[in-house]
Protein chains: 2
Amino acid sequence: MLSDRQRLILNAIVDNYIHSAEPVGSRTISKREDIGYSSATIRNEMSDLEELGYLEQPHTSAGRVPSTKGYRFYVDNLIQPHLLNEQDLVKLKQLFAERILHAEQVVEYTAQILTQLTNYTAIVLGPEIFEHRLRNVQIVPLNETQAVAIIVTHTGRVENKLIDLPDGIGSSEIERLVNLLNHRLTDVPLWQLRQRLYQEISGEMRRHTEQYEEMLQLLDQSFQQEETDRVYLSGATKIMNQPEFRDVDKVKDILELLEQHDQLLHMLGMPANGLTVRIGQENQLDAIKQCSIITASYSLGGKPVGMVGILGPTRMEYSRVITVLNHLAEGLSRMLTSQFEK
Amino acid sequence: MLSDRQRLILNAIVDNYIHSAEPVGSRTISKREDIGYSSATIRNEMSDLEELGYLEQPHTSAGRVPSTKGYRFYVDNLIQPHLLNEQDLVKLKQLFAERILHAEQVVEYTAQILTQLTNYTAIVLGPEIFEHRLRNVQIVPLNETQAVAIIVTHTGRVENKLIDLPDGIGSSEIERLVNLLNHRLTDVPLWQLRQRLYQEISGEMRRHTEQYEEMLQLLDQSFQQEETDRVYLSGATKIMNQPEFRDVDKVKDILELLEQHDQLLHMLGMPANGLTVRIGQENQLDAIKQCSIITASYSLGGKPVGMVGILGPTRMEYSRVITVLNHLAEGLSRMLTSQFEK
DNA sequence: TTTAGCACTCGATAGCTATGAGTGCTAACA
DNA sequence: TGTTAGCACTCATAGCTATCGAGTGCTAAA
């Protein structure tokens with residue numbers, strides 16, 4: 001276990017490095033107001049901290065830099081709660097003050113506000129669709145052969161798909177079909193739709209055999225599409241402001257990853273409850289082993305359905321970011337829950 | 001006017017520079033198979049071409065690089081039609097072979113294929129909405145106070161918006177309202193909707209005064225949203241593969257521009273018929289004065305409604321890009337027109 | 001008109017040195 | 001026994017110079 005002084009010094013080093021991006025020397029630390037020891041003492045402690053794996057030295061005659069383990073300890077044990085200033089709070093309030101908003105728009109704005117407040121890249125996962133329940137189905141014919149199928153969920157999400165109509169199907173037939181679907185499938189979770197179709201109403205639907213096939217296809221594709229389209233990014237280029245990412249090759253790997261929404265989704269995994277911090281080497285993907293990712297889940301009626309996250313350098317303002325994410329996640333949860341929990 | 005030999009040499013220089021990214025020297029050119037002159041002769045011609053403004057010299061002891069004017073001449077007068085290989089053609093065909101596709105998905109795939117074929121950043125503008133006509137309006141209540149309003153256009157595009165319902169409105173009232181709207185507004189171009197609402201049915205609607213206000217708001221916002229959401233990007237990071245963009249600052253400016261869809265939209269302007277090439281300095285925005293943008297418009301029933309484009313370094317494979325863009329624009333036009341022109 | 005030849009230019013590269021931030025260790029001090 | 005002053009040592013970085021060579025422009029000959 002670390003002594004109090006070691007913790008104090010580690011905290012000072014991480015703090016300093018976060019803001020300077022330069023390896024921190026013993027003298028820098030000893031000059032700080034909250035430290036009452038000479039540089040020699042600090043040097044000894046730093047040496048110990050390095051031996052214990054909390055610090056690293058880029059080269060012999062340079063200062064020290066926190067290791068992944070060092071950041072981890074900092075995040076888990078040393079972090080001080082960050083207080084947001086008036087301005088930041090106003091921005092957050094404004095987001096949740098807008099009442100008439102599309103679910104997708106809220107998510108998009110959230111991402112934007114996140115980057116504005118943190119100056120890092122924001123990643124937001126829109127609410128998980130599998131828990132969404134069917135509210136309404138519509139089929140709007142465009143001409144003799146084509147129509148748009150529209151699915152509305154109880155959360156107000158709208159999915160739509162262009163479909164080819166079977167030959168010779170009439171508008172009254174379609175209307176009857178839509179009525180049947182709405183009657184039988186309202187409030188069914190989307191992921192059960194196919195199953196229910198098969199089990200319960202395929203019989204009645206079989207009069208329009210082809211239509212039935214396409215309906216299944218449509219729903220199928222709707223889900224797949226959803227999986228990757230839940231990812232909202234903002235401020236992807238912010239990483240280039242960081243001095244340790246002045247190298248095009250590093251940046252390129254990161255930005256390419258950000259373009260691949262399916263990979264992001266896979267990396268972030270299912271939204272677990274609460275806050276997750278992934279620091280540097282703890283990340284699986286090579287491209288972001290010099291980055292940290294912090295995510296917070298938001299929930300609908302107590303169940304986590306999506307997440308808000310920040311991607312930045314390992315040398316990130318953890319305290320501030322965590323505070324902002326918690327605020328946003330809470331706000332989103334409250335908003336979602338109050339809207340749809342009745 | 002340039003002599004035949006000057007054209008030959010300019011062509012050789014541009015060609016060479018496009019592939020090597022290095023200033024081209026006289027010896028390199030004189031060694032080419034299609035050139036039968038010594039390096040000294042080439043030097044004299046190069047000197048002349050520089051005086052005329054077609055070439056530039058990074059410094060005295062370096063080779064020459066085409067100027068914006070040089071590229072312009074190359075594009076306007078020297079370019080040879082590029083033949084696509086079998087593989088490329090297959091990819092293009094596959095795109096248009098997929099029948100059951102959402103309009104937005106086609107556009108997204110188009111962008112992806114563009115980057116795949118060219119290795120540059122693709123920018124695609126989805127079909128202009130102002131020409132779209134209303135096909136169908138739906139209002140789906142979610143609970144007592146909220147509903148989703150859905151607009152379907154004759155091209156199969158679906159816009160939706162969460163709205164607050166006025167207090168105490170009943171579902172039969174909503175149904176009547178929707179029927180009224182569908183009855184009166186079908187086939188009206190979207191941009192006329194507000195006007196028509198005011199002129200023709202505000203009277204009948206006034207029974208539900210509040211609803212009427214929100215309907216207007218909804219449509220209004222629908223348009224605005226559309227304006228920037230028409231932009232689809234793919235392969236934004238490709239620019240980093242170019243040796244002249246190894247500098248984070250240059251790249252940053254470009255990528256930041258790409259994040260601002262409204263700026264892109266403004267820069268690209270209304271889709272004029274046919275092909276547009278903007279080379280280097282010809283671009284208004286500083287961030288892309290070292291880039292070229294090539295766009296081709298696609299049309300619906302003869303009228304241009306959107307465009308496909310490529311953003312790359314000035315040192316771009318113009319011939320190939322132009323061919324690919326023409327293919328795609330044509331394909332999109334055919335697809336759109338055959339789908340919706342009946 | 002073309003080309004060989006040659007002096008000249010100038011960016012890029014390699015090698016060298018000086019600088020200084022920072023360390024580890026030792027010995028003196030409280 | 002913990003702390004600190006002092007000092008030799010390390011090593012990345014900046015700046016300087018010399019060298020190299022790709023490429024030019026000009027002149028004179030073919």
Side-chain angles (χ1 to χ4, degrees), chain A residues 1-10 12-17 19-67 70 243-244 246-247 315, chain B residues 2-10 12-17 19-67 70 243-244 246-247:
Chain A
M1 214 48 233
L2 296 187
S3 70
D4 279 355
R5 193 167 72 183
Q6 284 176 322
R7 298 162 76 107
L8 182 71
I9 291 173
L10 180 56
I13 292 174
V14 175
D15 240 44
N16 222 281
Y17 185 62
H19 293 107
S20 72
E22 301 278 314
V24 188
S26 53
R27 247 184 72 99
T28 317
I29 296 300
S30 89
K31 268 189 290 188
R32 279 176 61 128
E33 297 212 334
D34 52 340
I35 308 273
Y37 301 98
S38 75
S39 63
T41 310
I42 307 290
R43 265 205 296 288
N44 289 330
E45 294 287 24
M46 280 169 113
S47 183
D48 290 351
L49 283 170
E50 182 173 2
E51 215 159 87
L52 293 168
Y54 294 98
L55 296 178
E56 280 167 358
Q57 231 175 344
H59 54 266
T60 357
S61 70
R64 257 89 170 193
V65 161
S67 67
E244 59 265 61
R246 304 296 305 167
D247 177 16
R315 189 184 63 71
Chain B
L2 297 186
S3 71
D4 279 356
R5 194 167 70 182
Q6 285 175 322
R7 299 161 76 107
L8 182 70
I9 290 173
L10 180 56
I13 292 173
V14 176
D15 240 44
N16 223 280
Y17 186 61
H19 293 107
S20 73
E22 301 277 315
V24 188
S26 53
R27 247 182 74 97
T28 318
I29 296 300
S30 89
K31 267 189 293 192
R32 280 175 60 126
E33 296 214 332
D34 53 339
I35 306 275
Y37 303 97
S38 76
S39 64
T41 310
I42 306 291
R43 264 204 297 288
N44 290 330
E45 293 286 25
M46 280 169 114
S47 184
D48 290 351
L49 283 170
E50 183 174 2
E51 214 158 273
L52 292 168
Y54 294 98
L55 296 179
E56 281 167 357
Q57 232 175 343
H59 52 266
T60 358
S61 70
R64 257 91 171 190
V65 161
S67 66
E244 59 266 60
R246 303 295 305 167
D247 176 16

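In what follows, chains are A, B, ... by sequence order, proteins preceding strands, each numbered from 1.
For C:dT3, the OP1/OP2 oxygens have no side-chain nitrogen or oxygen of B:R27 closer than 4.0 Å. Within the structure, every side-chain polar atom (N or O) of A:S61 is placed at least 4.0 Å from both OP1 and OP2 of C:dG20. Put simply, A:T60 has no side-chain N or O that comes within less than 4.0 Å of OP1 or OP2 on D:dT10. At the phosphate of C:dA4, neither OP1 nor OP2 sits under 4.0 Å from any side-chain N or O atom of B:R43. A close approach under 4.0 Å does occur between a side-chain nitrogen or oxygen of A:T41 and OP1 or OP2 of D:dT4.
When distances are taken from the side chain of A:S47 to each of D:dT3, C:dT2, C:dG24, the shortest belongs to C:dG24. Checking D:dT3, C:dA4, D:dG25 against the side-chain heavy atoms of B:Q57 singles out D:dG25 as nearest. Side-chain proximity of A:R64 to C:dT3, D:dT24, C:dG24: nearest is C:dG24.
For A:Y17 against A:R315, the heavy-atom pair with the smallest separation is O-CD, 3.1 Å. Closest approach of A:G63 to A:P58, counting heavy atoms only: O-CD, 3.3 Å.
In terms of position along DNA chain C, the nucleotide closest to B:S39 lies nearer the 5' end than the nucleotide closest to the other residue of the pair B:S39 and B:P58. Closest-nucleotide positions on DNA chain D for B:G25 and A:H59 were compared, and the one nearer the 5' end corresponds to A:H59.
Separating the CD1 atom of A:I9 from the P atom of D:dT3 is a distance of 10 Å, rounded to the nearest angstrom. B:Q6 has its CD atom 13 Å from the P atom of C:dT1, to the nearest Å. What separates CZ of A:R5 from C1' of D:dT4 is a distance of 11 Å, to the nearest Å. Whole-Å rounding puts the A:L55 CG to C:dT23 P distance at 10 Å. Rounded to an integer number of Å, the gap from CG of A:N44 to P of C:dA27 is 15 Å. Atoms OH (B:Y17) and C1' (D:dG23) sit 16 Å apart, rounded to a whole Å. For the pair A:E45 CD and D:dG2 P, the interatomic distance rounds to 11 Å; values are reported in whole Å. Between the CE atom of A:M46 and the C1' atom of D:dT4 there is a distance of 16 Å, given to the nearest Å.
Considering only heavy atoms from C-beta on, A:V24 stays 4.5 Å or farther from A:V14 through its side chain.
Looking at A:S67, its side chain does come within 3.5 Å of a backbone N or O of A:G53 through a donor-acceptor pair.
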Using the side-chain contact (heavy atoms from CB on, under 4.5 Å) rule, take A:L10 and A:L55 through it: C-alpha gap first, then chi angles, then the decisive distance, then the call. CA-CA 8 Å; A:L10 180 56; A:L55 296 178; 3.9 Å; yes

